[in-house]
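These notes concern the structure reproduced below.
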Amino acid sequence: MEPPGTAELRAGDSRVVIVPALGARIVALELAGRQWLWTAPGLDAALARGGANGTELGGLDECFPTVAAATIELGADTLSLPEGGELAARRAETHIATPDGVMEAVSTWHGERLPFRFVRTVRLTADAQMEMTYEAVNDGKRPFPFIWAARPIFALTQATRILVPQRARVRVAAQRGIELGAVGVEHQWPNVKLEKRVLDLSRPERVARKYGCKLFVDPVGGTIALEEPPLRLELIVDPREVPDIGIWINRRGGAPGKWGRGVNLVSLQPAIGAPDSLADALGTWKGAHQLRPGKPRRWTVRWRVRRVEDVRPEP
C-alpha cells in the first residue's frame with residue numbers, strides 16, 4: 001500500500017509537512033533551517049497503514065475533546081473517548097490555500113461521538129514563524145465539556161533548556177521514576193522543593209538518570225520556550241484563550257505510559273483544560289471547559305524561532 005498523501009507548506013527556509021490521514025499530524029516542522037520535531041522509526045509503517053495514534057509516533061498531533069482516554073457521563077448517556085479524543089487518529093479534510101499570498105493548510109474534523117466541527121489553519125511565514133488558528137463549533141443542541149491540546153514531540157538533549165517565566169505555577173499531573181509530590185501538588189517554576197533537595201526542571205537531562213513526568217504550568221506572559229543553542233523555539237499564546245501549557249518529559253523511557261528504553265523526549269503542549277483526561281478535568285482538577293451551541297471557540301498558537309544571543313535575559 002502506498003503511503004497516504006501529504007500537504008506541504010514552504011516559506012523561505014521554513015517548511016511544514018502535514019499528513020491528513022493521521023489526524024493532520026505535522027511530521028516536519030522546519031523553522032530557521034532546523035527540523036524541530038522528533039518522529040519515531042515506526043512512523044513510516046504508520047503512514048503505510050494509513051492510520052495511527054499516540055505520542056509514540058512523534059510529530060505534532062491534535063487532541064479534542066480529551067487528550068487521554070476517558071469515560072464521562074453526559075446527561076443520561078455514558079460517553080467513552082479514546083486517547084487523542086476524536087482528532088488524533090481520524091483523517092482530516094485538508095486543503096492548501098493562499099488567501100493573501102501566504103500559504104496555509106486548513107484541516108477540518110467532524111465529530112462522531114459528539115456533534116462538533118473542528119478547524120485548524122496552519123500558516124507559515126518566511127521569518128521562521130508558524131501560526132496555528134483554531135475554531136471549535138458545537139453543532140448540537142446542548143453544551144458539552146472538552147479539553148484540547150496540541151502535542152509536539154521534540155528530542156531531549158544535554159543542551160535542552162525549558163524556559164518558563166520565573167515562579168510560574170506548576171502542577172504535577174503524572175510521574176514515574178521520580179517523586180515530585182502528590183498528583184495536583186503545586187510548585188513554582190523551575191524549582192521543585194523536595195524533602196532533602198531542590199530540582200531544577202529547566203534542565204531536564206540533569207534531573208535524574210531515568211524518569212518521566214507530566215506537568216502543567218500557567219502561561220504567564222504568554223511565552224515559553226525550548227532552547228537548543230544557538231536557537232530557541234518559542235511557544236506564544238494569549239493566556240485568556242489558551243490558559244494551560246503541558247510539559248511532558250521522557251528521560252530514558254521513564255515517562256508515564258508505554259515507552260521504550262533509552263528514549264529522550266520532551267514536549268511543550270498548549271492546552272485548554274487540564275489534566276489530560278476529560279474525566280479528571282471534570283473531577284477534582286475542575287479544569288474542563290464547555291463548548292456551547294452557537295458560541296464557537298477560537299484561539300491562536302504561534303511558534304517562533306530566535307537566536308539565543310538575540311534574546312534579552314529576564315531581569
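Taking 4.5 Å as the limit, some side-chain heavy atom of Phe144 sits within range of a side-chain heavy atom of Leu74. Counting only heavy atoms from C-beta outward, the side chains of Val207 and Leu201 approach each other to under 4.5 Å. Residues Leu114 and Leu79 have side chains in contact (heavy-atom distance under 4.5 Å, counting atoms from C-beta outward).
Remark: aromatic rings of Phe116 and Phe64 are close, center separation under 6.0 Å. Checked against a 6.0 Å centroid threshold, the rings of Tyr134 and Trp299 count as neighbours.
Salt-bridge annotation for Arg297 and Glu135: absent, with no side-chain N of the basic residue lying under 4.0 Å from a carboxylate O of the acidic one. In this structure, Arg123 pairs ionically with Asp100, as a charged nitrogen and a carboxylate oxygen lie closer than 4.0 Å. Of the charged side-chain nitrogens involved, at least one lies within less than 4.0 Å of a carboxylate oxygen, so that Glu8 and Arg10 count as a salt-bridged pair. Between Arg232 and Glu228, none of the side-chain N atoms (NZ, or NE/NH1/NH2) sits under 4.0 Å from a carboxylate O, so this pair counts as no salt bridge. Classification of Arg171 and Glu186 as a salt-bridged pair fails, no side-chain N sitting under 4.0 Å from a carboxylate O.
Remark: of the listed residues Val305, Thr223, Leu226, Leu163, Thr223 is the sole one forming a side-chain contact (heavy atoms from CB on, under 4.5 Å) with Glu234.
Residues Trp148 and Glu62 have side chains that bring a donor and an acceptor to within less than 3.5 angstrom of each other. Residues Thr133 and Thr300 have side chains that never bring a donor and an acceptor to within less than 3.5 angstrom of each other.
Taking hydrophobic clusters as Ile, Leu, Val, Met, Phe, Trp and Tyr residues chained together by side-chain heavy-atom distances below 4.5 Å, Leu124 does not share a cluster with Val106.
With rounding to the nearest 0.5 Å, the separation of CG in Asp61 from CZ in Arg151 is 4.0 Å. Rounded to the nearest 0.5 angstrom, Gln35 CD and Arg15 CZ are separated by 8.0 Å.
Phe216 and Trp285 have perpendicular rings, their planes meeting at more than 60° on a 0 to 90° scale where under 30° would count as parallel.
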